[in-house]
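For the numbers below, each heavy atom of this structure counts, side chains included, while hydrogens, waters and symmetry mates do not. This is a predicted model, so every value here is computed, not measured.
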Amino acid sequence: MEDWQLVVLTALVTTIGTGLVTYIGHRMTVSRDTQEERDRHATYVATRVVCMLDPFVLRCVEVVNDVGLYVEGELTPQVETPTLEFPEELDWKTVDAALMYRILTLPNEIAAADSTISAYAEFSGPPNWDEVWSERKFQYGRVGLYALDLAAALRDRYGLAPNDYSRWDPRDLLDAAYTAEDKRRKETVVSVRKMIEKSLKKNAAKSKHKEGETEWSYQQGRCCPSQESNQRRLR
């Protein structure tokens, strides 16, 4: 290879190598900047959501504490049940997938709570609407705890300042409305199931005993014909 060819080849290799290194460095910088931008946006989304969850939790506490007011002879709520609608412009793809699912599921949980309360209204009635009031507290205790736990998870994941609940913690009231009642309901279900199983076993035992008596009577009838039958044979 002649000298001028060697010089050209060296210059070409150097140019390509320099360009390649520059390109890779640029891509790494862009990727790093993109990830940093995504993290910043995820923190922004989490902040927006937390700032909506906190007042929502307090509204749930108000529903749980609502004792109602009699209007025209019927116990009527003084506090409306809260709603929650997240802004459409938020980029959910930047948020942790598990947390994103919990966030977007919350409106469905609220809708399910309202639907359940409405269903109880079909089996309750004035003036006190006892079943409706009980379910109203139960459902919004549940939804309030869901939102409270979600806000805590977002704060922990994205380094947001925690709420100061040192003087008053909404969890206490929400727990009383949902957790304790949920435990009572589960225990009731178990108790009822055991009663049903016990009753079925008792009925099965009675049926088996009755079948045994019937079979015994049948065998006795074959072995020991009745007096009336014997008289017929004598005639």
Side-chain angles (χ1 to χ4, degrees), residues 45-93 95-155 157 160 163 165 168-193:
V45 173
T47 303
R48 290 284 302 274
V49 172
V50 166
C51 288
M52 297 180 69
L53 292 177
D54 287 345
F56 177 81
V57 169
L58 297 180
R59 292 293 306 280
C60 289
V61 171
E62 291 178 356
V63 171
V64 167
N65 283 335
D66 186 15
V67 295
L69 182 68
Y70 281 95
V71 178
E72 296 182 356
E74 291 189 20
L75 190 59
T76 305
Q78 292 181 283
V79 178
E80 292 185 3
T81 54
T83 59
L84 188 65
E85 186 175 348
F86 297 113
E88 296 182 359
E89 72 271 12
L90 296 181
D91 185 4
W92 300 110
K93 296 188 297 295
V95 181
D96 175 79
L99 289 173
M100 176 184 65
Y101 175 80
R102 291 172 64 182
I103 294 169
L104 298 179
T105 299
L106 180 53
N108 297 334
E109 295 292 333
I110 299 170
D114 291 337
S115 177
T116 303
I117 295 168
S118 297
Y120 270 77
E122 299 293 328
F123 305 98
S124 187
N128 295 327
W129 298 92
D130 294 325
E131 294 80 6
V132 173
W133 278 92
S134 176
E135 193 63 21
R136 190 171 186 259
K137 292 182 178 182
F138 178 77
Q139 290 296 333
Y140 274 90
R142 177 183 68 84
V143 173
L145 286 172
Y146 186 107
L148 186 64
D149 290 338
L150 177 56
L154 287 168
R155 282 187 165 94
R157 173 65 177 80
L160 305 178
N163 257 346
Y165 291 135
W168 175 79
D169 192 344
R171 183 176 297 277
D172 296 337
L173 291 170
L174 296 172
D175 266 333
Y178 171 71
T179 308
E181 176 65 12
D182 185 53
K183 181 180 178 181
R184 186 194 68 78
R185 292 186 181 192
K186 288 178 179 177
E187 290 175 349
T188 300
V189 169
V190 172
S191 178
V192 170
R193 185 180 294 119

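Evaluation of the salt bridge (Lys or Arg N to Asp or Glu O under 4.0 Å) test over residues 50-69, restricted to residues two or more places apart or in two chains, returns Asp54-Arg155, Arg59-Glu62, Asp66-Arg136. Sorted by first then second residue, the salt bridge (Lys or Arg N to Asp or Glu O under 4.0 Å) pairs that include residues 72-82, not counting sequence neighbours, number zero. Sorted by first and then second residue, the pairs that involve residues 139-148 and meet salt bridge (Lys or Arg N to Asp or Glu O under 4.0 Å), not counting sequence neighbours, are Glu109-Arg142.
Closest approach of Val64 to Ala177, counting heavy atoms only: CG1-CB, 3.5 Å. Closest of all the heavy-atom pairs between Val57 and Ala147 is CG2-CB, 3.8 Å. Residues Val143 and Ala113 come closest through the heavy atom pair CG2-CB, 3.9 Å. Here the closest heavy-atom approach between residue Val63 and residue Thr81 is recorded as CG2-CA, 4.0 Å. Pairing each heavy atom of Pro82 with each of Cys60, the nearest pair is CG-SG, 4.1 Å.
The CG atom of Asp182 lies 8.0 Å from the CZ atom of Arg185; values are rounded to the nearest 0.5 Å. Between Phe56 atom CZ and Leu106 atom CG the span is 5.5 Å, to the nearest 0.5 Å.
Partners of Phe138 under the ring-ring contact (aromatic ring centres under 6.0 Å, His included) rule, at least two apart in sequence or in another chain, are Tyr178. When the side-chain contact (heavy atoms from CB on, under 4.5 Å) test is applied to Val61, the partners found at least two apart in sequence or on another chain are Asn65, Trp168, Pro170, Leu173, Leu174. Contacts of Asn128 classified as side-chain contact (heavy atoms from CB on, under 4.5 Å), with partners at least two apart in sequence or in another chain: Tyr70, Asp130. With sequence neighbours left out, Phe86 forms a ring-ring contact (aromatic ring centres under 6.0 Å, His included) with Trp92. For Arg171, the side-chain contact (heavy atoms from CB on, under 4.5 Å) partners two or more places apart in sequence, or in a different chain, are Leu145, Leu148, Asp149, Asp169, Asp175. Glu89 pairs by the side-chain contact (heavy atoms from CB on, under 4.5 Å) definition with Arg48, Pro87, not counting sequence neighbours.
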Side-chain donor-acceptor contacts of residues 96-103 below 3.5 Å, not counting sequence neighbours, with atom names and distances?
from: Asp96; atom 1: OD2; to: Ala98; atom 2: N; distance (Å): 3.2
from: Asp96; atom 1: OD2; to: Leu99; atom 2: N; distance (Å): 3.2

Acceptor/donor pairs from residues 117-126 side chains to any protein atom, 3.5 angstrom cut, sequence neighbours excluded:
from: Ser118; atom 1: OG; to: Asp114; atom 2: O; distance (Å): 3.0
from: Ser124; atom 1: OG; to: Glu131; atom 2: OE1; distance (Å): 2.7

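Residues Leu75 and Val67 have side chains not in contact (no heavy-atom distance under 4.5 Å, counting atoms from C-beta outward). Contact of the Val95 side chain with the Val49 side chain is not registered, since no non-hydrogen atoms from C-beta on lie closer than 4.5 Å.
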